[in-house]
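Just the heavy atoms: all of them, side chains too, but no hydrogens, waters or symmetry mates, feed the values below.
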Amino acid sequence: MIKGVKNSLYSIFIIISAILVVMEASISRVFPIIDYYDEMFSIIIFVMFLCDLHGKINKNIFKIILALCLLIIIGTFGNLMTDINLNAFIMGVDALGVIKVFISLISIKELTNRTTKKAIVSALSFFISIFILICFLFYFVTYSGGNSEFFSEARFGIKSYSFIMTNPGELGYLLMGMFLLLTLDTKKRLLIKMMTLFLILTTTKGPQILFVLIFLFLKFFIGKKRINSIHLISITIITLIIGQYQIHNYLLNETSVRYILNLTSLQIAKDHFPIGSGLATFGSELSRVYYSDIYYQYNLSSIWGISPVYSYFINDNYWAMILGQFGFIGCMLMIYVLYKTYYLIKSVKPLVNVEEKSVATALYFAFIIGSVGSAYLTSSSGLFCFMILGLYLAV
């Protein structure tokens, strides 16, 4: 009976947390404290995981945790060296922002059993089905009515749909996580899944379009076969073709903020070799909120999007943040963490459901590809998707 109560409480906690994370941007407009719920959740779930260890831990999971610990140590030393934002709270929240998706995935994977997985997936699928149905109806009503409140800039002649989220990218990543969750559900929900794929495409964002293409490629062309180097090359070619807009505007356009952040992060990594400038100092949300002196030191404070007056592009590039804050060593550690996390996903055995693995792999690739021009790996939408990946990995 005690075990049953424990399972029920755990399931309720995950269900409520997932809903709060999905709605975080909207709820935080009324209750700003909710903005920190994803960090609070990652702490609670990781502590639960540690308490449940009983001396046993998966070798790959241990390596991921060790690499993340080393990353935070490196960041802390960076702060000590630069003496910028040397505040325990600021540094702690920034550190959680970097590691929360990984520790949440690991914790949910290890804490979830078959009973709780079924309960969580079933309950969340019901909530998500309602969300998607409303989102789908709103698209047609508002698009035809010319309501710009739910849309962003047009791409390919189509207005980018954001619904009630802050931008189309955020909606797109949440929808991808929802699609994986619906795939895990024992109920087919085919119509809702088709709506979800359609809505993902309406965001018109590169990573979201690639998610759909990679999912279809893996499901219908790869099937039960393991992904090999030829498959990865094929996915890379698809990415390069679809990602021309991102490549041109984010990586090659010398006037774009992302290009400037990339270039500056490399200079910071060289100047503060080999550990970078430290936590909450460059390219992260906390470096924006508690405006870092680094931006003054590298003459970035007068650039629109990075200036203290308008700074909302600062946290728009994941790898610039990693390289600038953690240096070359930290960058290698994060690549290692991402590889080991991918290894967990691709090593799921036995392969019972081709669609589940195809969606999970496509979702992970979409985040890796998207990290070149965005920082959703540190966002609430990133946390939601990695929570669902944790459920996928749970046996």
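Between Tyr336 and Tyr339, a ring centre-to-centre spacing not shorter than 6.0 Å is recorded. For Phe138 and Phe136, the ring centers sit 6.0 Å or farther from each other. Ring pair Phe163/Phe131: centre-to-centre distance below 6.0 Å. Phe13 and Phe41 have their aromatic ring centers within a separation under 6.0 angstrom.
Note on Leu111 and Met40: same hydrophobic cluster, where clusters join Ile, Leu, Val, Met, Phe, Trp and Tyr whose side-chain heavy atoms are under 4.5 Å apart, directly or indirectly. In terms of hydrophobic clustering, with Ile, Leu, Val, Met, Phe, Trp and Tyr side chains grouped at heavy-atom distances under 4.5 Å, Leu199 and Leu133 are assigned to a common cluster. Cluster annotation: Phe126 and Leu180 are assigned to the same hydrophobic cluster (Ile/Leu/Val/Met/Phe/Trp/Tyr, side-chain heavy-atom contacts under 4.5 Å, transitive). Both Val22 and Phe31 are members of a single hydrophobic cluster when ILVMFWY side chains are connected at heavy-atom separations under 4.5 Å. Under the 4.5 Å side-chain heavy-atom criterion for grouping Ile, Leu, Val, Met, Phe, Trp and Tyr, Tyr10 is connected to Leu53 within one hydrophobic cluster.
A side chain to side chain contact (heavy atoms under 4.5 Å, CB included) with Tyr173 is found for one member of Ser379, Ser380, Ser374 and no other, namely Ser374.
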Would Tyr296 and Tyr291 count as a ring pair (Phe, Tyr, Trp, His ring centres under 6.0 Å) if you check the C-alpha gap in whole Å, the side-chain angles of each, and the deciding distance to 0.1 Å? CA-CA 9 Å; Tyr296 293 108; Tyr291 199 76; 5.4 Å; yes
Does Leu266 form a side-chain contact (heavy atoms from CB on, under 4.5 Å) with Leu323? I'd like the steps, not just the answer. CA-CA 7 Å; Leu266 183 60; Leu323 183 59; 4.2 Å; yes
Pair Tyr298, Asp271 - check side chain to side chain donor-acceptor pair (under 3.5 Å), show working. CA-CA 11 Å; Tyr298 286 86; Asp271 293 344; 2.7 Å; yes
List the steps and the verdict of side chain to side chain donor-acceptor pair (under 3.5 Å) for Ser284 and Asp94. CA-CA 7 Å; Ser284 65; Asp94 195 70; 2.8 Å; yes
Side chain to side chain donor-acceptor pair (under 3.5 Å) for Asn85 and Asn79? Distances and angles first, verdict last. CA-CA 7 Å; Asn85 280 347; Asn79 290 98; over 6 Å; no
With ring pair (Phe, Tyr, Trp, His ring centres under 6.0 Å) as the test, would you mind laying out the steps for Phe367 and Phe386 before giving the verdict? CA-CA 10 Å; Phe367 269 97; Phe386 273 65; 5.6 Å; yes
Decide yes or no on side-chain contact (heavy atoms from CB on, under 4.5 Å) for Cys385 and Leu174, but give the supporting numbers first. CA-CA 7 Å; Cys385 290; Leu174 287 172; 5.8 Å; no
Quick one, Lys193 with Glu355, criterion salt bridge (charged side-chain N to carboxylate O under 4.0 Å, His left out). Give me CA distance, side-chain angles, the key distance, then yes/no. CA-CA 12 Å; Lys193 286 164 71 175; Glu355 186 170 321; 2.6 Å; yes
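Contact check for Glu24 versus Phe384: no side-chain heavy atoms found under the 4.5 Å cut-off. Looking at heavy atoms from C-beta onward, Leu383 lies in side-chain contact with Met387 at the 4.5 angstrom threshold. The shortest side-chain heavy-atom distance between Lys100 and Glu39 falls under the 4.5 Å cut-off. By the 4.5 Å heavy-atom criterion applied to side chains, Ile388 and Ile108 are not counted as neighbours. At a threshold of 4.5 Å between non-hydrogen side-chain atoms, the residues Ile84 and Gln297 count as touching. For the pair Tyr312 and Trp304, the minimum side-chain heavy-atom distance is 4.5 Å or more. Here the side chains of Ser125 and Leu181 are in contact, with some heavy-atom distance below 4.5 Å. In this structure, Val98 and Ile322 have side chains that are in contact, with non-hydrogen atoms separated by less than 4.5 Å.
In this structure a side-chain-to-backbone donor-acceptor pair under 3.5 Å is present from Glu170 to Thr166. For Lys117 (side chain) and Leu391 (main-chain N/O), a donor-acceptor pair under 3.5 Å exists by modelled atom type. Ser307 places no side-chain N or O within donor-acceptor distance of the main-chain N or O of Ser302, the cut-off being under 3.5 Å. Between the side chain of Thr361 and the main chain of Ser358, no donor-acceptor pair closer than 3.5 Å is present. Using a distance-only test at 3.5 Å, with no hydrogens or angles considered, no donor-acceptor pair links the side chain of Ser122 to the main chain of Ala119. The closest donor-acceptor contact from the side chain of Thr203 to the backbone of Ile200 lies under 3.5 Å. Between the side chain of Thr82 and the main chain of Ser277, a donor-acceptor pair closer than 3.5 Å is present. When atom types are taken as modelled, the side chain of Tyr161 and the backbone of Tyr139 share a donor-acceptor pair closer than 3.5 angstrom. In this structure, the side chain of Ser347 does not engage the main chain of Leu344 through any donor-acceptor pair within 3.5 Å. A donor-acceptor pair is defined here as one N or O able to donate and one able to accept, closer than 3.5 Å; no such pair exists between the side chain of Thr116 and the backbone of Thr112.
The two residues Lys205 and Pro168 have their closest heavy-atom pair at CE-CB, 4.0 Å. In this structure, Ile74 and Gly330 approach most closely via the heavy-atom pair CD1-N, 4.3 Å.
Here the CD1 atom belonging to Ile64 is positioned 12.5 Å from the CD1 atom belonging to Ile99, to the nearest 0.5 angstrom. In this structure, the separation between CD1 on Ile106 and CG on Leu389 is 12.0 Å, given to the nearest 0.5 Å. Rounded to the nearest 0.5 Å, atoms CD1 (Ile294) and CD1 (Ile314) are 11.5 Å apart. The CZ atom of Phe102 lies 13.0 Å from the OG atom of Ser107; values are rounded to the nearest 0.5 Å. To the nearest 0.5 Å, the span separating CD1 on Ile368 from CG on Leu377 amounts to 6.0 Å. A distance of 11.5 Å separates CG of Leu279 from CG of Asn87, quoted to the nearest 0.5 Å.
Geometrically, Lys340 engages Tyr343 in a cation-pi contact defined by less than 6.0 Å to the ring centre and at most 45° from the axis.
With a 6.0 Å radius and a threshold of 12 heavy atoms from other residues, nucleotides or ligands, Phe77 has its CZ atom at or below the threshold. Atom NZ of Lys118 has 12 or fewer neighbouring heavy atoms from other residues, nucleotides or ligands inside a 6.0 Å radius. The neighbour count for Phe198 CZ, taken as heavy atoms of other residues, nucleotides or ligands under 6.0 Å away, is above 12.
Among residues two or more places apart in sequence or in another chain, the side-chain contact (heavy atoms from CB on, under 4.5 Å) test is passed with Val47 by Ile43, Cys51. With sequence neighbours excluded, the residues satisfying side chain to side chain donor-acceptor pair (under 3.5 Å) with Ser17 are Tyr37.
Counted by atom type alone, Tyr295 and Ser311 present zero donor-acceptor pairs between their side chains at under 3.5 Å. Using modelled atom types, one finds a donor on one side chain and an acceptor on the other under 3.5 Å when comparing Ser160 with Thr204.
Using cut-offs of 30° and 60° for the angle between ring planes, the Phe273 and Phe328 rings count as tilted.
Residue pairs meeting the salt bridge (Lys or Arg N to Asp or Glu O under 4.0 Å) criterion with at least one member in residues 281-298, sequence neighbours excluded: Glu285-Arg288.
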